Amino acid sequence: MPSNAPVGVFDSGVGGLSVLREIRQLLPNESLLYVADSGHVPYGEKNPEYIRERCVLITEHLLAQGAKALVLACNTATAAAGAELRERYPHLPIVGMEPAVKPAAAATRSGVVGVLATTGTLKSARFAALLDRFANDVRVVTQPCPGLVECIESGELQAPATRELLHGYVAPLMAEGCDTLILGCTHYPFLRPLLGELVPPSVTLIDTGAAVARQLQRLLAQHDLLAAQAAQPTRYWSSGNTAQLCRVLPILLGERADVLPIH
Ligand code: DGL
């Protein structure tokens, strides 16, 4: 596998773009392929078997496009399919992601941590194991957020309906005394500006995009796969409405690009 081959990144939709921008910042030489599985969003309300099937199909597509490594830029997909993908593709460097429980437990001063994530992530065995491992000395309050992903998919980052929904999810966490909020879904970092208006400045917001980029860097280095030449422009696919992804790319990434269909 040539080191200048691209890295495949995917999510149930546009959420993984919050990870893609961190990868670009840390690894500007890496060429990236991005698949938004927006025809099947939200993963958070689907069963794990369905998500695993989608993840295998998308991985096959990215491999057919020459991907040298894979970033599962979705907490829900990692919980449902991370282990299976690693088993199926033992030679492919794969980076998954999970809610940042460990750093949040280290950061909290009130001893109460809030987790905003999808229903699927919060229900997963992987999340339960994460709490067992890292959250023994803190109280963790979880909040599933149905409907929020759809607001971000349509680029409505500041709309009154988005604000109202987000307020309804965050207010109970504030009432519980959370001083640290984990953004446990890759869509949610796009709501940081709105969240900043809804919670006091003393509340710390934690997501794992930058840590995932660093993990990708380590893994590529280990496999001698870090790109040496300048990156090619990112190529995009969507299983949903390609015109919608074209429309929201400038909102989410400040970039215009063509989007190809994928089924
Ligand atoms: N972006 C995904 C995550 O990180 C999930 C969104 C969805 O429910 O599809 O969990």
Side-chain angles (χ1 to χ4, degrees), residues 8-23 34-55 57-59 70-83 85 94-101 104 114-128 130-131 142-157 162 165-166 169 181-192 195 205-213 215-216 236-241 244-245 248-249 251-253 262:
V9 181
F10 78 89
D11 176 46
S12 62
V14 298
L17 295 172
S18 70
V19 179
L20 180 129
R21 70 183 172 189
E22 299 288 349
I23 296 172
Y34 187 86
V35 176
D37 199 12
S38 297
H40 300 264
V41 74
Y43 280 2
E45 306 299 319
K46 305 259 187 328
N47 68 59
E49 192 44 48
Y50 185 94
I51 297 171
R52 281 194 280 274
E53 274 174 29
R54 291 304 306 164
C55 288
L57 275 169
I58 294 168
T59 302
L70 191 71
V71 178
L72 255 161
C74 176
N75 295 265
T76 315
T78 303
L85 290 182
I94 298 179
V95 182
M97 57 198 303
E98 57 195 14
V101 174
V115 188
L116 299 163
T118 68
T119 309
T121 295
L122 296 176
K123 276 201 324 211
S124 68
R126 200 181 159 110
F127 182 68
L130 205 56
L131 292 186
T142 58
Q143 177 63 64
C145 306
L148 211 50
V149 158
E150 288 86 336
C151 299
I152 300 150
E153 287 290 310
S154 52
E156 287 172 358
L157 306 184
T162 310
L165 197 59
L166 188 59
Y169 291 142
L181 293 186
I182 298 173
L183 309 185
C185 166
T186 52
H187 281 73
Y188 305 162
F190 289 115
L191 295 178
R192 269 180 182 266
L195 266 168
L205 305 175
I206 301 188
D207 75 79
T208 42
V212 166
Q215 175 62 9
L216 175 64
Y236 297 94
W237 287 265
S238 171
S239 63
N241 183 337
Q244 167 148 320
L245 182 52
V248 300
L249 270 177
I251 300 171
L252 301 179
L253 278 189
I262 177 180

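Remember, it's a predicted structure, so these values are computed and weren't measured experimentally. Ligands are counted one by one from 1 in listed order, and the atoms in each one are counted from 1 as well.
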Under the salt bridge (Lys or Arg N to Asp or Glu O under 4.0 Å) rule, what pairs show up with a residue in residues 37-50, not counting sequence neighbours?
D37-R54, E49-R52
Qualifying residues under side-chain hydrogen bond (donor to acceptor under 3.5 Å, both in side chains), relative to Y236, sequence neighbours excluded
R24, E255
List ligand 1's nitrogen or oxygen atoms that come under 3.5 Å of a protein nitrogen or oxygen, with the partner atom and distance.
unit_1: ligand 1; atom_1: 1 (N); unit_2: D11; atom_2: OD1; d: 3.0
unit_1: ligand 1; atom_1: 1 (N); unit_2: T186; atom_2: OG1; d: 2.9
unit_1: ligand 1; atom_1: 1 (N); unit_2: H187; atom_2: ND1; d: 2.8
unit_1: ligand 1; atom_1: 4 (O); unit_2: N75; atom_2: N; d: 2.8
unit_1: ligand 1; atom_1: 4 (O); unit_2: N75; atom_2: ND2; d: 3.0
unit_1: ligand 1; atom_1: 4 (O); unit_2: T186; atom_2: N; d: 2.8
unit_1: ligand 1; atom_1: 4 (O); unit_2: T186; atom_2: OG1; d: 3.2
unit_1: ligand 1; atom_1: 8 (O); unit_2: Y43; atom_2: N; d: 3.3
unit_1: ligand 1; atom_1: 8 (O); unit_2: G44; atom_2: N; d: 2.8
unit_1: ligand 1; atom_1: 9 (O); unit_2: S12; atom_2: OG; d: 2.6
unit_1: ligand 1; atom_1: 9 (O); unit_2: Y43; atom_2: N; d: 2.6
unit_1: ligand 1; atom_1: 10 (O); unit_2: N75; atom_2: N; d: 3.4
unit_1: ligand 1; atom_1: 10 (O); unit_2: T76; atom_2: N; d: 3.1
unit_1: ligand 1; atom_1: 10 (O); unit_2: T76; atom_2: OG1; d: 2.6

Any heavy-atom pair between the side chains of D11 and V19 that's under 4.5 Å?
no
For residues E153 and S38, is any side-chain donor paired with an opposing acceptor at under 3.5 Å?
yes
What's the shortest heavy-atom distance between P99 and T121, and which atoms?
CG-CG2, 3.8 Å
For residues 182-191, which residue pairs qualify under salt bridge (Lys or Arg N to Asp or Glu O under 4.0 Å), counting only residues two or more places apart or in two chains?
none
